[in-house]
Amino acid sequence: MELEYLEGLNEPQREAVLQTEGPLMIIAGAGSGKTRVLTYRISHLINHGIDPFAILALTFTNKAAAEMRQRIEKVVGSEARSIWMGTFHSIFARILRIEAHRIGYTRDFSIYDTEDSKSLIRTLLKEMNLDDKTYRVGTVLHRISSAKNGLISVNEYQRNELFRAEDEGNRIPEMGRLYRAYQDRLLKANAMDFDDLLFNTNVLFRDHIDVLNKYQQKFRYVMVDEFQDTNVSQYVITRKLAAVHQNICVVGDDAQSIYAFRGANIQNILNFEKDYPDLKIIKLEQNYRSTKTIVQAANSVINKNKAQLRKAVWTENEDGSLIDLVKAGSDNEEGVLIANSIFEEKMQHSLRNSDFAILYRTNAQSRAFEEALRRKNIKYRIIGGLSFYQRKEIKDLVAYLRFTTNQNDEEALKRIINLPKRGIGEGTIAKIIVAAGEAGLGLWDVVSNSVSFLGARLAGPIDTFATLIKSFRYTAEQKDAYETAAHIAKTSGLLKELHEDKTVEGLARFENVQALLNAIKEFVDNPQNEDKSLSAFLQSVSLLTSAEDDKDTDRDKVTMMTIHAAKGLEFKYVYIVGLEEDLFPSQMMLTSRADLEEERRLFYVAITRAEKKLTLSYAETRYQYGRLKNCEPSRFLKEIDNDYLRTNHSLSNREAYVNSFVRNLTPRKPEQINATIHTPSSDFTPSDTSRLAEGMKVEHAKFGFGTVKEIDASAHDRKARIFFDKAGEKTLLLSFAKLRIVES
DNA sequence: ATTTATATCTTTTTT
DNA sequence: AGATATAAAT
């Protein structure tokens with residue numbers, strides 16, 4: 001067994017697997033079989049009698065953890081389930097839940113997501129009378145987040161002259177007070193944000209030596225994947241945990257560090273050598289994934305960066321085909337061209353949809369590709385974007401669940417107290433918060449005794465709400481998570497409200513809530529989950545990014561995602577799209593952080609996802625904020641050695657244009673829709689466009705389908721008006737965005 | 001308190 | 001264009 005899995009490894013790989021004792025750093029180039037090495041290394045430990053419970057493996061995404069666990073299970077069997085493997089956030093949330101009472105929390109603490117955090121900051125700004133235009137919510141949160149990721153406590157922050165000077169320079173001198181107020185409120189709400197999960201773990205280990213000792217003894221082997229993306233807070237935790245046994249293994253690639261914006265610190269790699277003088281370093285430089293062309297093009301890009309550990313990634317693979325460069329007239333045409341290319345390559349080389357990936361810089365870019373692929377009947381899936389758990393209806397129900405387990409959760413309370421409408425307006429909510437603050441009590445104390453705090457007039461509806469929550473709390477004590485959640489969904493009136501909404505969107509929302517309930521049922525039915533309480537479910541759910549299509553049996557789909565989400569994955573054919581200056585590299589990155597090198601590393605990550613063939617594309621025009629904007633090709637395109645490139649001269653076809661140019665659909669009267677058709681170039685006469693638009697079917701969520709009947713092409717300015725049948729009975733309202741062409 | 005009209009801002013990546 | 005905040009109307 002052992003020989004079997006060592007057989008396929010090259011020398012440094014084998015060494016990395018066998019070197020289980022003492023500090024080890026593996027510098028793993030892209031495609032060098034890193035996951036394989038990690039998998040075998042852990043399997044090797046288990047095969048040699050190490051208790052899986054003594055192994056801690058930290059990754060950056062849930063997906064990476066799940067995949068590795070699966071692969072280990074193939075080698076060692078069901079023992080793999082016992083390994084402590086997961087993201088930093090999920091592992092330490094688990095530990096914090098066990099030890100919460102030590103640091104002033106209860107085990108039912110809530111986890112605030114970014115939306116909750118921002119909402120809290122907004123209320124704080126109001127309460128402290130600070131202008132939200134000078135104190136931008138995003139900036140404030142980012143500032144607090146960086147402090148916590150760098151292990152700077154509130155006290156230190158306020159004491160530190162450097163921060164004070166910086167904040168005064170930025171005209172936000174109250175930052176220190178804000179930070180304090182924010183942390184106070186989180187503690188009062190028995191809630192932690194993402195950064196607190198790490199920060200508070202540090203506090204826990206610092207102030208409670210016995211707890212630290214317990215986990216130091218427990219984890220004999222500590223492993224960190226994607227080490228280049230750890231921040232100070234994460235690094236200190238792992239260093240402390242490994243302090244006794246010194247069996248720490250970190251795996252990373254400085255060339256793939258793409259999370260500096262989140263506090264990741266390449267310094268960690270350099271410090272690592274200082275912290276562990278007898279550190280062993282192994283470099284994996286042979287690439288098994290990609291063709292020579294791709295590997296060399298990637299090298300030529302990354303070598304433009306100054307800050308890097310020199311490392312020579314090479315491959316014995318074949319040369320492979322050249323990199324295609326596609327120029328499109330518009331973002332929509334870019335979608336069509338890529339969809340066509342996928343279609344053709346698929347036919348020519350008899351490939352599967354799942355062999356293809358489209359990678360972009362920002363989530364917003366996915367639209368054009370979705371539309372083009374849908375038209376060609378190519379199945380696709382999108383990773384990331386608005387995840388399932390960020391949707392309004394899901395967050396609403398989750399807020400009910402959160403508040404049922406934790407009555408101090410202020411953000412959850414604000415969300416649900418008047419949902420469905422109970423006649424509790426913003427004014428009333430503000431009064432509740434003020435009353436609680438004055439009495440030095442929690443919100444729930446006020447809500448559950450509303451008469452004595454707010455008088456009988458306001459108390460009526462609040463009382464109803466309080467009684468409802470009390471009954472939910474009782475249910476939660478008696479029943480498991482699923483029964484409780486189903487009961488809450490029904491009794492709160494959430495389901496009823498959604499059920500009455502017969503629009504397309506309303507239907508989808510209703511189904512989403514059902515899907516959440518199903519997910520809770522699965523959680524309860526899973527024998528691996530011992531604790532079936534509502535609060536246990538919430539814990540597991542708050543750290544999920546996306547509701548991964550586990551239930552989606554059809555895996556043969558083209559994958560679309562941001563480059564960040566693509567790290568660690570590989571595909572035969574990869575399309576990197578939107579290679580335009582200011583988009584990729586992102587303008588923000590260049591102006592606010594002046595970090596072109598991180599953008600270039602991002603490009604490097606994208607290129608090295610490809611196994612067989614890479615296609616790059618950019619558009620000359622792109623819709624942004626409703627306007628057509630001219631784009632310049634990205635500087636990155638010029639950085640690729642011409643020897644590896646082949647420009648694709650395929651010209652766009654007219655039909656493709658027009659299909660995607662029906663825009664600005666403006667309802668005037670219920671039976672009439674004003675649609676504006678923009679064309680990108682003066683090649684198109686108004687009659688040209690209108691002829692093509694005729695007969696198209698139009699879909700609007702509020703009133704179903706209609707067919708284009710008549711087109712008034714007399715309008716100037718490359719616009720045409722469209723009239724079509726009214727097909728629904730609801731009053732026509734104004735979500736123009738939902739209007740789209742479904743078929744021509 | 002709630003709905004509806006109008007104005008303003010957005011401008012990245014993710015646990 | 002679309003989301004969100006604010007003002008005005010109900």
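When reading the values below, keep in mind they use all heavy atoms of this one structure, side chains included, and skip hydrogens, waters and symmetry mates. First the proteins, then the strands, lettered A, B, ... as listed; each starts at 1.
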Nearest-Å distance, [atom1] ([X]) to [atom2] ([N])?
{"X": "A:Q624", "N": "B:dT12", "atom1": "CD", "atom2": "P", "value": "10 Å"}
{"X": "A:H142", "N": "B:dT13", "atom1": "NE2", "atom2": "P", "value": "14 Å"}
{"X": "A:L359", "N": "B:dT13", "atom1": "CG", "atom2": "C1'", "value": "13 Å"}
{"X": "A:E226", "N": "B:dT13", "atom1": "CD", "atom2": "P", "value": "19 Å"}
{"X": "A:K392", "N": "C:dA3", "atom1": "NZ", "atom2": "P", "value": "14 Å"}
{"X": "A:I429", "N": "B:dT2", "atom1": "CD1", "atom2": "C1'", "value": "13 Å"}
{"X": "A:K421", "N": "B:dT4", "atom1": "NZ", "atom2": "C1'", "value": "13 Å"}
{"X": "A:K118", "N": "B:dT14", "atom1": "NZ", "atom2": "C1'", "value": "12 Å"}

Stacking here means centres under 5.5 Å and planes under 30°; does A:F261 stack on B:dT12?
->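 No; centroid distance or tilt outside limits.
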
Under 4.0 Å from OP1 or OP2 of [N]: is there any side-chain N or O of [X] that close?
{"X": "A:R422", "N": "B:dT2", "answer": "no"}
{"X": "A:T428", "N": "B:dA1", "answer": "yes"}
{"X": "A:R122", "N": "C:dT4", "answer": "no"}
{"X": "A:T562", "N": "B:dT14", "answer": "yes"}
{"X": "A:N418", "N": "B:dT2", "answer": "yes"}
{"X": "A:N363", "N": "B:dT13", "answer": "yes"}

Atom P, compared across B:dT13 and C:dT4: separation rounded to whole Å |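 That atom pair is separated by 15 Å.
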
Test: A:E411 and A:K414 ion pair at under 4.0 Å |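 Looking at A:K414 together with A:E411, the answer is yes, because their closest N to O distance falls below 4.0 Å.
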
Is a salt bridge present between A:R415 and A:E115, judged by a nitrogen-to-oxygen distance below 4.0 Å?
->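 Yes, charged N to carboxylate O under 4.0 Å.
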
How far apart are the C-alpha atoms of A:S233 and A:D195, what are their side-chain angles, what is the distance that settles it, and do they pass the side-chain hydrogen bond (donor to acceptor under 3.5 Å, both in side chains) test?
-> CA-CA 9 Å; A:S233 184; A:D195 304 315; over 6 Å; no

Residue pair A:S117 / A:Y112: nearest heavy atoms and the distance that separates them |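 Shortest heavy-atom separation between A:S117 and A:Y112 comes out as OG-CB, 4.1 Å.
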
From the list B:dT14, B:dT13, B:dT2, which nucleotide is the closest neighbour of the side chain of A:T362?
->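 Minimum distance to the A:T362 side chain belongs to B:dT13.
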
Within the distance-only criterion (no hydrogens, no angle test), does the side chain of A:Y105 pair as donor or acceptor with the backbone N or O of A:A191 below 3.5 angstrom?
->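 It does hold such a pair.
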
Of A:F194 and A:R136, the one whose closest DNA chain B nucleotide lies more 5' |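 Its nucleotide being nearer the 5' end, the pick is A:R136.
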
Reckon A:F88 touches a base, only the sugar-phosphate, or nothing at all at heavy-atom distances under 4.0 Å?
->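 Here A:F88 touches no strand at all.
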
Does any N or O donor sit under 3.5 Å from an N or O acceptor when you compare the side chain of A:R262 with the base of B:dT13?
->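 Looking at the base of B:dT13, it does not pair with any donor or acceptor on the side chain of A:R262 (distance under 3.5 Å).
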
